[in-house]
Amino acid sequence: MESELFVGPGHDNDGGPPIFVSHHRAAGAVFAVLAPALFEEQARTRKLLVNLARDLAAAGIDAVRFDYPGTGLSEGTTERLTLTAAFDALRRAVDYCHQQGAAQVHLFGFRFGGYLALTALPRLPVSRAVVWEPVLDLSAHFQELLRVEMTNQMVTFGKVRRGRDELVASLRAGHPELVDGNRIGPTLHRELEAAPAVDLDRLAAFADRLRILVWDGKKVHDAATRAGLASVVVPDVKFSWKHIRVLEPRSTALFRETVHALEGVRR
Amino acid sequence: MAAQLFKFSNARGLTIKGVVYPARGAAEIGVIYLPGIVLGSTAVHRLGIDLAHRLADDGYPVCLFDPSGIGESEGDYPRGTHQELASWVESGSCVADTLEAIDQMRARTGVRRLVLIGHCGGALTAMYAAARHAAVAGALLICPPTVPQGRKEELDGAGVAESYLRQYLARLRSPDAWLRLLRGQSSYRTIVRVVRRKLERTLAAVWKPRRPAAAPAPAPVRAFNRHLVDAVQIAHDHGKRVEVVFGDRDPDVDDFRAFQRQHLPADVAWRIFEDTSHGFVTEPSMQLLFGEVGRFVSSVAA
């Protein structure tokens, strides 16, 4: 059974609009919160996370998906999205699980959601974490969004009309800007630029509770392995968050690895 | 007013999920927005959600939903390439759920008539459904693909090939792109085909003037999507308003121009926006689209 609802702001420092939450119900004891990717990556991989949540529920784990404020089905606009609000949304989703009687809450993060999961892991009441292709550096991630925007301008106008420097200067001056079709606000830009990169070495203390799954990010895998973290390169993953040339609604091998990791199966 | 989540069980027993953005006060006409391909109602920079907020503010309730197999709804769309999935949508796979969603929308909001707005493959679904449901008063087709996707290789389209070429050129100064190329992570086959097609077109343009003058060749007969042709005609014959908007930078705009000449009834309005790509990713193109959608819905409601 699945329930969809809007979860309102909490009581502490949380001014964001209500967020969309989908609860894929199972036994009601062990929960997993699924933190999605951001902007177009989120839309391209939505069905995958819906199906991952359904598979988790079928394996006995209550899965809770959510959208960041101003993204997906959540209320608000992308222009008002901030990194703080995204962390708040993750915390709200974890709180929701505890309110539902969760004895254990696991955390799953994909791309941007992986950054949130890795960053929040030390301070959230969660048991295990699995991340797919995590973004480790939000500043570099923003540069990648700008690169896509430059490509969009090339395709639309035949040339770049507003370059990276102009867009960044405008954001720094406090004006929202359209980047790959999503209006990014100056606060989010400032936060992305200033956010510290994930230091995998500092996560060594969580090595027995964390698993990193990659299929494209060899660099992330190498860095995680050097830091003593459990990282697995999953072969034959067909879908991509980068484009829509191949759209897969599910990835059996990846789902199996994820379910096992959240269940704590050591292989 | 706050968005209202809803779900219903379709004729095949699958749960269909969606959201209604209510209008302030009673409305006689409502809107269903149908996005392209299989990414669901939140796709393409939340274009549908932005439109929904604007139309709801103007007094029209708007419904977004995911047909079975897509997004939040039950079922899976088939695995495949973008083209294979475009063919799946083109064959009408989302129409039955759209017809049911129309009834749901009428029951939930009390509107008697509806306008369907579809983008890309969603435009095909909108047109097919508009031809079949009596409550649909109009359909606005945003960049509808007019040539069956399964019948052409994507890169055979000059517009698509040019679009790829521009993207490759944009990446020439990207160290990451060069790294991907050298590591074998790029599609060499696609690059070679794009460059080869560009050379072929360039050479053809160079050689053409030197050939002896001959009678102009007849324009190739295009195999347009017959279901789309029929649906437009049926809706038109039933007095429903149909309009089309396209972007001049859409790779399929030439197909649409030919389709318009051959098949669009004379009184079906169409517009081609300047400096507008398929995805409406720039501020001016978005504003053009929002303006056009608002004008269309209010003209149908009038």
Side-chain angles (χ1 to χ4, degrees), chain A residues 1-6 17-18 20 22 39-40 42-47 50-51 54 65 67 70-75 77-78 140 143-144 147-162 177-183 216 218 238-239 243-251, chain B residues 2-3 5-7 15 17 19 35 37-47 49-50 53 64 66 69-85 154 162-163 166-167 169-171 174 176-177 183 185 187 247 249 251 275-283 285-286:
Chain A
M1 195 183 101
E2 295 170 12
S3 317
E4 299 76 31
L5 63 156
F6 287 109
F20 170 80
S22 180
F39 298 143
E40 297 313 282
Q42 181 187 29
R44 287 174 199 144
T45 55
R46 189 172 196 91
K47 190 69 189 181
V50 168
N51 279 333
R54 286 176 181 159
R65 294 184 300 111
D67 290 334
T71 75
L73 288 167
S74 285
E75 297 196 5
T77 61
T78 55
Q143 288 301 319
E144 186 60 19
R147 187 190 67 74
V148 177
E149 169 61 23
M150 297 302 108
T151 303
N152 286 343
Q153 290 188 33
M154 281 293 294
V155 169
T156 306
F157 305 125
K159 63 179 181 181
V160 173
R161 284 189 181 172
R162 301 191 71 214
E177 286 291 349
L178 216 54
V179 179
D180 193 17
N182 293 285
R183 201 176 309 284
D216 192 52
K218 187 76 168 48
K238 295 283 194 300
F239 75 88
H243 54 72
I244 56 170
R245 279 177 222 136
V246 177
L247 291 166
E248 296 277 322
R250 54 177 56 249
S251 180
Chain B
L5 299 163
F6 73 92
K7 53 182 149 185
T15 302
K17 300 181 184 180
V19 56
I37 197 73
V38 294
L39 298 180
S41 56
T42 62
V44 194
H45 52 83
R46 296 176 100 216
L47 195 56
I49 291 175
D50 280 351
H53 282 293
L64 300 175
D66 291 329
I70 295 175
E72 300 290 322
S73 293
E74 283 187 342
D76 285 352
Y77 56 77
R79 290 164 179 260
T81 63
H82 179 268
Q83 265 188 293
E84 288 164 337
L85 293 171
E154 189 183 22
E162 282 292 335
S163 165
R166 279 198 292 273
Q167 290 186 50
L169 291 175
R171 289 175 197 161
S174 161
D176 284 347
R183 283 178 176 160
Q185 294 169 333
S187 171
R249 301 302 177 122
D275 283 345
T276 298
S277 66
H278 187 76
F280 295 84
V281 286
T282 65
E283 188 74 59
S285 63
M286 264 189 221

If I measure from the heavy atoms of chain A, does B:Leu85 come under 4.5 Å with its side chain, its backbone, both, or neither? side chain
Side chain from CB out, backbone as N, CA, C, O: work out which of these in A:Glu2 comes under 4.5 Å of a heavy atom of chain B, or both, or neither. both
Sequence neighbours excluded, which residues qualify as ring-ring contact (aromatic ring centres under 6.0 Å, His included) partners of B:His53? B:Tyr21
For the side chain of A:Lys47 and the backbone of B:Ser73, is there at least one donor-acceptor N/O pair under 3.5 Å apart? yes
Supply the atom-to-atom distance B:Leu64 CG to A:Leu73 CG, rounded to the nearest 0.5 angstrom. 8.0 Å
Measure across B:Gly75 and A:Arg54 and return the closest heavy-atom pair with its distance rounded to 0.1 Å. N-NH1, 4.3 Å
If you tally heavy-atom pairs under 4.5 Å between each of B:Val38, B:Thr15, B:Val44 and chain A, the highest tally belongs to B:Val44
Quick one: what part of A:Thr156 sits under 4.5 Å from any heavy atom of chain B, side chain, backbone, both or neither? both
Show, in sequence, the C-alpha distance, side-chain angles and deciding distance for B:Asp275 and A:Arg161, and conclude whether the side-chain contact (heavy atoms from CB on, under 4.5 Å) test is met. CA-CA 12 Å; B:Asp275 283 345; A:Arg161 284 189 181 172; 2.7 Å; yes
One option among A:Lys238, A:Glu248, A:His243, A:Lys159 has the most heavy-atom pairs under 4.5 Å with chain B, and it is A:Glu248
Test item: A:Arg245 and B:Gln83 side chains (from C-beta on) under 4.5 Å apart, heavy atoms: no
B:His45 vs A:Arg183, side-chain contact (heavy atoms from CB on, under 4.5 Å): CA-CA, chis, key distance, verdict: CA-CA 9 Å; B:His45 52 83; A:Arg183 201 176 309 284; over 6 Å; no
For A:Arg250 and B:Asp76, the nearest pair of non-hydrogen atoms, with its separation, is NE-OD2, 3.0 Å
Interface moiety of B:Thr276 toward chain A, non-hydrogen atoms closer than 4.5 Å: backbone
Does any backbone or side-chain atom of A:Phe239 lie under 4.5 Å from a heavy atom of chain B? Answer side chain, backbone, both or neither. neither
Between B:Glu72, B:Glu283, B:Lys7, which has the largest tally of heavy atom pairs under 4.5 Å with chain A? B:Glu72
Contact origin within A:Val50 toward chain B - heavy atom pairs under 4.5 Å: side chain
Which heavy atom in B:Ala2 sits nearest to a heavy atom in A:Glu75, and how many Å separate them? CB-OE2, 3.9 Å
Where on A:Arg44 is there a heavy atom nearer than 4.5 Å to chain B: the side chain, the backbone, both, or neither? both
Between B:Leu5 and A:Phe6, which heavy-atom pair has the shortest distance, and what is it? CG-CE1, 3.6 Å
Choice from B:Thr282, B:Asp50, B:Leu47, B:Ile37 maximising heavy atom contacts with chain A below 4.5 Å: B:Thr282
Options A:Leu178, A:Asp67, A:Thr45, A:Thr77, ranked by heavy-atom pairs under 4.5 Å with chain B, top entry: A:Leu178
Check whether B:Ile70 gets within reach of chain A through its side chain, its backbone, both or neither, counting any heavy atom under 4.5 Å. backbone
For each of B:Ser277, B:Gly40, B:Ala43, B:Gly80, tally heavy-atom pairs with chain A at distances under 4.5 Å, and name the one with the top tally. B:Gly80
Under 4.5 Å between any side-chain heavy atoms of A:Leu247 and B:Leu39, yes or no? yes
Quick check on A:Phe39 against chain B: is it the side chain, the backbone, both or neither that has a heavy atom closer than 4.5 Å? neither
